[in-house]
Amino acid sequence: MPTPGSHFPSLPGPTTSSAGAPPGPLPAPPPCGVPAFPPLRVRGGSGHRLRRAVWRQRRAVAAGLALTAAALAVSGFGGGGGGHGGGAAQGAAPGRASPPVRLVSAPVRIADAATVRLLRPGDRVDVVTSEGAGARARVLAKGARVEQVPPVSAEGVSDQGTSEGALIVLAVPRTTATDLAGAGISGGFAVILC
């Protein structure tokens, strides 16, 4: 039951406090009213406009770069290297690109079968040969792509791993394949991973 002058009912218990007893729980303050206001509506705000402007600017820069690259490719002033316009070979007609080099599959026996186990299809290798123990090594193929390697059994031994090495298949230009076939008759090859 509320006491006079209070909005809260009186707490059960003694009405007089004893000298050594702690006071009881304090009552909560009376509730306040929240004023009525219209709902807050946020539609994108300035952050959305800023993101849209940045997106448009990025698209414009990308389109400008694409047009510039196309113009440089057509004009022959591209960064083909060497400082001579377009990087075209001397004696070749300007504006004419050389035809793409057709690659062929060339089987190559690598002297070290353990090295072949490190290779995977798609790897790039340099193929090196030497005429003898004291002779200078020479590179026959640079950056040749490995197409096939011999399968490896569960024990980790290559099916083709013999004392003569292991056979791999490389994708090389036809002239390089001819050089590899000719040099492979006299000795084995080594590969360097690129």
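The shown structure was predicted, so the numbers you read here are calculated from the model rather than taken from an experiment.
The shortest distance between side-chain heavy atoms of L167 and P150 does not fall below 4.5 Å. Residues P173 and L103 form a side-chain contact, since some pair of their non-hydrogen atoms from C-beta on lies under 4.5 Å apart. The shortest distance between side-chain heavy atoms of L119 and L193 falls below 4.5 Å. Contact of the V146 side chain with the L170 side chain is registered, since non-hydrogen atoms from C-beta on lie closer than 4.5 Å.
Under a cut-off of 6.0 angstrom, the local environment of CZ in R124 is crowded, with over 12 non-hydrogen atoms contributed by other residues, nucleotides or ligands.
For L118 against D123, the heavy-atom pair with the smallest separation is O-OD2, 4.1 Å. The two residues D126 and C194 make their nearest non-hydrogen contact at OD1-SG, 3.2 Å.
Considering OG1 of T175 and CG of L180, their distance stands at 9.5 Å, rounded to 0.5 Å. To the nearest 0.5 Å, the span separating OG1 on T176 from NZ on K142 amounts to 11.5 Å. Here the CZ-CD1 distance, from F189 to I168, works out to 10.0 Å after rounding to the nearest 0.5 Å.
Connection of L67 to L65 is not established within any shared hydrophobic cluster, with ILVMFWY side chains joined at heavy-atom distances below 4.5 Å, either directly or through further cluster members.
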